[in-house]
Amino acid sequence: MKEATKEYKSLNLNTTMENLLSCDGRRFRCKIKGMPVEGKVRVEGNKVYLCQNRHDGSEADDKLGYKYSWEVTSGLELNQVTGFKILHPDTAEEIEAYKDWRVGDRLRKKDGSSRTIEVIFRCGELVVGKFIDTGRALTNYTCDELYEDGYRLIVDPAPEEEIIEVTMDEIAEKMGVPVERLRVKKEK
């Protein structure tokens with residue numbers, strides 16, 4: 001499942017609060033008050049925070065290395081969060097540890113086997129997959145069984161982000177101030 005704006009593969013996760021309570025440390029993408037953000041979910045007790053660097057909100061004890069946290073315990077919509085997606089892992093450590101297979105995920109054995117499985121059905125821990133090359137379905141497995149058999153998630157690399165160039169005049173115009181009054185500094 002690829003989106004045109006950014007090529008991340010997102011999980012097919014129903015974003016109920018019950019599901020978010022089990023997503024501690026998972027990466028996400030959404031809009032808070034209409035502004036695109038990315039970060040990690042933090043669960044502290046029965047509270048859920050979206051840790052990111054754009055919007056200050058209720059303070060989580062541990063913001064997972066991000067500048068701000070935005071509490072969404074009362075619901076995503078009530079907290080002005082739209083387009084929420086849990087993202088697939090992208091670091092080698094996250095991919096190695098991942099075993100929450102979802103419909104559409106592609107898996108390959110860690111030993112370098114060329115056979116690829118696509119998950120076609122998931123109910124609870126039960127997973128059914130099919131071999132991509134033959135289209136033949138596998139017998140039923142649990143997520144843990146596939147992981148123990150050496151299967152790991154195949155993640156398509158995300159393309160590098162496009163660099164946007166702006167002039168001082170464009171910034172001044174957008175902010176409604178004379179260009180001479182602008183001083184641009186990098187955030188530490």
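Residue numbers run from 1 in the order of the sequence given.
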Problem set entry | Cation-aromatic face contact Arg42/Tyr49, 6.0 Å, 45 degrees | no
For this session: Assess whether side-chain hydrogen bond (donor to acceptor under 3.5 Å, both in side chains) is satisfied between Thr73 and Asn46, documenting all intermediate values.
Result: CA-CA 8 Å; Thr73 305; Asn46 63 350; over 6 Å; no
Exercise. Is there a side-chain contact between Ile86 and Arg27 (heavy atoms, below 4.5 Å)?
Worked result: no
For this session: Using atom types as modelled and distance alone, determine if a side-chain donor or acceptor of Asn53 lies under 3.5 Å from a backbone N or O of Lys67.
Result: yes
For this session: I would like to know whether Leu50 and Val81 meet side chain to side chain contact (heavy atoms under 4.5 Å, CB included); could you show each step before the answer?
Result: CA-CA 10 Å; Leu50 303 181; Val81 174; 4.1 Å; yes
Problem set entry | Nearest heavy-atom neighbours spanning Thr139 and Tyr141 | O-CD1, 3.1 Å
Exercise. Are any of the side-chain nitrogens in Lys109 or Asp149 under 4.0 Å away from the carboxylate oxygens of its partner?
Worked result: no
For this session: Quick one: pull up CG in Asp105 and CZ in Arg152 and give me the separation to the nearest 0.5 Å.
Result: 13.5 Å
Problem set entry | Arg183 CZ to Met168 CE distance, which is reported to the nearest 0.5 Å | 7.5 Å
Problem set entry | Pairwise distance CG(Leu138) to CD1(Ile117) - rounded to 0.5 angstrom | 4.5 Å
For this session: Take Phe121 and Leu126 through the test side chain to side chain contact (heavy atoms under 4.5 Å, CB included) and record every step on the way to the result.
Result: CA-CA 8 Å; Phe121 177 78; Leu126 178 69; 4.2 Å; yes
Problem set entry | Cys51 backbone acceptor or donor facing Ser69 side chain under 3.5 Å | no
Problem set entry | Value rounded to 0.5 Å, distance of CG in Asp144 from OG1 in Thr142 | 5.0 Å
Exercise. So if you build clusters from Ile, Leu, Val, Met, Phe, Trp, Tyr with side-chain heavy-atom gaps below 4.5 Å, do Met35 and Val72 land together?
Worked result: no
Exercise. Would you find more than 12 non-hydrogen atoms of other residues, nucleotides or ligands less than 6.0 Å from Glu173 atom CD?
Worked result: no
For this session: First locate atom CG of Leu78, then atom CD of Glu71, and finally report the distance between them rounded to the nearest 0.5 Å.
Result: 12.0 Å
Exercise. Is there a donor-acceptor contact under 3.5 Å from the side chain of Arg54 to the main chain of Pro36?
Worked result: yes
Exercise. Per the side-chain contact (heavy atoms from CB on, under 4.5 Å) rule, which among Thr116, Val127, Val119 passes with Leu107?
Worked result: Val119
Exercise. For Met175, does the CE atom sit with more than 12 other heavy atoms under 6.0 Å from it, leaving out its own atoms?
Worked result: no
For this session: Can you sort out the partners of Phe28 under ring-ring contact (aromatic ring centres under 6.0 Å, His included), two or more places apart, ordered by chain and number?
Result: Phe84
Problem set entry | Any donor-acceptor N/O pair, Trp70 side chain to Asn79 backbone, under 3.5 Å | yes
Seminar exercise, completed: On a heavy-atom basis, the closest approach of Arg181 and Val177 is NH1-CG1, 4.2 Å
Problem set entry | NZ (Lys130) with more than 12 external heavy atoms under 6.0 Å | no
